[in-house]
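Below: one structure, written as structure tokens.
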Amino acid sequence: QQLTVRELRLMLVGPAAVGKTSLLRCLRQEAHSFALLSTDGVDLGWLRLDDVLYHSWDFGGQAVYAYSHQLFFSAHALYLLLVDLSLGLA
């Protein structure tokens with residue numbers, strides 16, 4: 001008998017101030033806030049879409065966190081990379 005697990009780790013990564021937390025709040029159908037503070041480190045949470053439970057990892061995008069965040073990366077996760085294309089790809 002096969003067991004289907006409907007849980008997934010969702011990693012939101014990218015530079016600071018590109019909208020990772022705002023996207024997550026939108027997916028959760030939470031009210032938008034222009035007063036959001038920048039994510040410090042990583043914020044853990046969850047999100048249910050249809051019949052799948054996503055364990056969300058919202059990583060702060062400041063350069064100081066770049067190396068420590070790599071410790072949490074896994075091949076068994078869904079990554080959403082957000083960037084601000086108006087800033088160019090440097």
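Residue numbers count from 1 along this sequence. Source: prediction; values computed, not measured.
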query = What's in the same ILVMFWY side-chain cluster as Leu12, cut-off under 4.5 Å, chained through other members?
reply = Leu8, Leu10, Val18, Leu23, Leu24, Leu27, Leu47, Leu49, Val52, Tyr54, Leu78, Leu80, Leu82
task = Measure from the side-chain N and O atoms of Arg9 to the backbone N and O of Tyr79, and report whether any donor-acceptor pair falls under 3.5 Å.
result = no
inquiry  = Within a 6.0 Å radius of atom CD on Gln29, are there more than 12 heavy atoms belonging to other residues, nucleotides or ligands?
reply    = no
Cluster check Val13, Leu44: I/L/V/M/F/W/Y, side chain < 4.5 angstrom = yes
query = Any side-chain heavy atom of Leu36 within less than 4.5 Å of one from Ser22?
reply = yes
ask   = When hydrophobic residues are tied together by side-chain contacts of less than 4.5 Å, even through go-betweens, does Val83 share a cluster with Met11?
value = yes
key: For His55, ring pair (Phe, Tyr, Trp, His ring centres under 6.0 Å) partners two or more places apart   = none
note = Heavy-atom nearest pair, Tyr65 first then Thr39, reads CE1-O, 4.2 Å
message = Show every ring-ring contact (aromatic ring centres under 6.0 Å, His included) that has at least one partner inside residues 9-33, sequence neighbours left out.
response = His32-Phe34
inquiry  = Once ring pair (Phe, Tyr, Trp, His ring centres under 6.0 Å) is applied, do any residues pair with Phe72, and if so which ones, sequence neighbours excluded?
reply    = Trp57
ask   = Would Arg28 and Ser56 count as having a side-chain donor-acceptor pair, cut-off 3.5 Å?
value = yes
message = Tell me every residue that passes side chain to side chain contact (heavy atoms under 4.5 Å, CB included) with Val64, counting only those two or more places apart in sequence or in another chain.
response = Gln62
key: Summary of salt bridge (Lys or Arg N to Asp or Glu O under 4.0 Å) pairs that have at least one residue in residues 51-65, sequence neighbours excluded   = Arg6-Asp51
